[in-house]
Amino acid sequence: MKIHTSIKINATPQQVWQVLTDFAAYPTWNPFVQSLTGNVKEGERITVKLPGMTFKPVILVFKEHEQLTWLGHLLFKGLFDGEHTFKLEDNGDGTTTFHQSEKFKGLLVGFFKRKLQKDTLPGFEDLNQKLKERVENQT
């Protein structure tokens, strides 16, 4: 199962990346990822706090101004895995399309499918909108 959202932001990828990777500021604007701590680089484990849930995914991709991807598991690999990606697409006109997606795999995905669509998808859309507002108000 995959959830994907996107939004056009009136700013360059560098400006969007600056806000997206200012993890210390997340509590002031980010409604979905309440905190993100740890050494954010490929292969490192971080701590991510969402409403009602804290988990410790591993960073798979950290490409400056382009992409941040992590992989988290519920209890153990194969039960309920989520690969979360933030991707910045340079539109070549001073704007950026921000993509946020997550691929879910594992034995329990079918049980959570409805909840993911009901709660997670709106959470992604809310984060996208708040990111857009924060970036555009700073430029």
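FYI, side chains are in, hydrogens and waters are out, and symmetry mates aren't considered; it's all heavy atoms of this structure. Here the structure is a predicted model, which is why all the values come from computation and not from measurement.
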What's the shortest heavy-atom distance between [X] and [Y], and which atoms?
X      : Y      : answer
Ser6   : His99  : CB-ND1, 3.4 Å
Ile3   : Met1   : CG1-CE, 4.1 Å
Pro122 : Lys118 : CG-O, 3.1 Å
Thr95  : Asp90  : O-OD1, 3.9 Å
Pro31  : Pro51  : O-CG, 3.9 Å
Ala11  : Thr96  : O-OG1, 2.7 Å

Validation row: Leu131, Val19 side chains within 4.5 angstrom (heavy atoms)
yes
How many angstroms lie between atom [atom1] of [X] and atom [atom2] of [Y], to the nearest 0.5 angstrom?
X      : Y      : atom1 : atom2 : result
Leu36  : Phe23  : CG    : CZ    : 5.0 Å
Ser101 : Lys87  : OG    : NZ    : 8.5 Å
Thr69  : Ile59  : OG1   : CD1   : 8.5 Å
Glu64  : Gln14  : CD    : CD    : 8.5 Å
Ile9   : Lys132 : CD1   : NZ    : 6.5 Å
Asp81  : Lys103 : CG    : NZ    : 12.0 Å

Heavy atoms from other residues, nucleotides or ligands near CD of Gln67 exceed 12 (cutoff 6.0 Å)
yes
Do [X] and [Y] share a hydrophobic cluster (ILVMFWY, side-chain heavy atoms under 4.5 Å, transitive)?
X     : Y      : value
Val33 : Phe124 : yes
Phe62 : Val58  : no
Val48 : Leu71  : no

For a side chain to side chain contact (heavy atoms under 4.5 Å, CB included) with Tyr26, tell me which candidate from Leu127, Thr37, Leu20 qualifies.
Leu20
Kindly determine whether Asn91 and Lys8 satisfy side chain to side chain contact (heavy atoms under 4.5 Å, CB included), including the steps that lead there.
CA-CA 9 Å; Asn91 296 322; Lys8 185 176 180 180; 4.2 Å; yes
Which is it for Leu88 and Trp17 under the side chain to side chain contact (heavy atoms under 4.5 Å, CB included) test, yes or no, and what are the steps along the way?
CA-CA 8 Å; Leu88 284 63; Trp17 186 259; 4.0 Å; yes
Stepwise, does the side chain to side chain contact (heavy atoms under 4.5 Å, CB included) test hold for Leu60 with Trp70?
CA-CA 5 Å; Leu60 300 179; Trp70 66 63; 5.8 Å; no
Verify whether one side chain among Glu125 and Gln129 offers a donor that lies under 3.5 Å from an acceptor in the other.
no
Is the closest side-chain donor-acceptor distance between Gln100 and His4 under 3.5 Å?
no
Which word best sums up how the rings of Phe98 and Phe86 line up, parallel for under 30°, tilted for 30 to 60°, or perpendicular for over 60°?
parallel
Please determine whether side chain to side chain contact (heavy atoms under 4.5 Å, CB included) holds for the pair Glu42 and Val61, giving the CA-CA distance in whole Å, both sets of side-chain angles, and the decisive distance to 0.1 Å.
CA-CA 6 Å; Glu42 289 180 13; Val61 178; 4.2 Å; yes
Report yes or no: does Gln138 contribute a side-chain atom to a donor-acceptor pair with the main-chain N or O of Val135 at less than 3.5 Å?
no
With a 3.5 Å distance limit and no angle check, can you tell me whether Glu136 reaches the backbone of Asn10 through a side-chain donor-acceptor pair?
yes
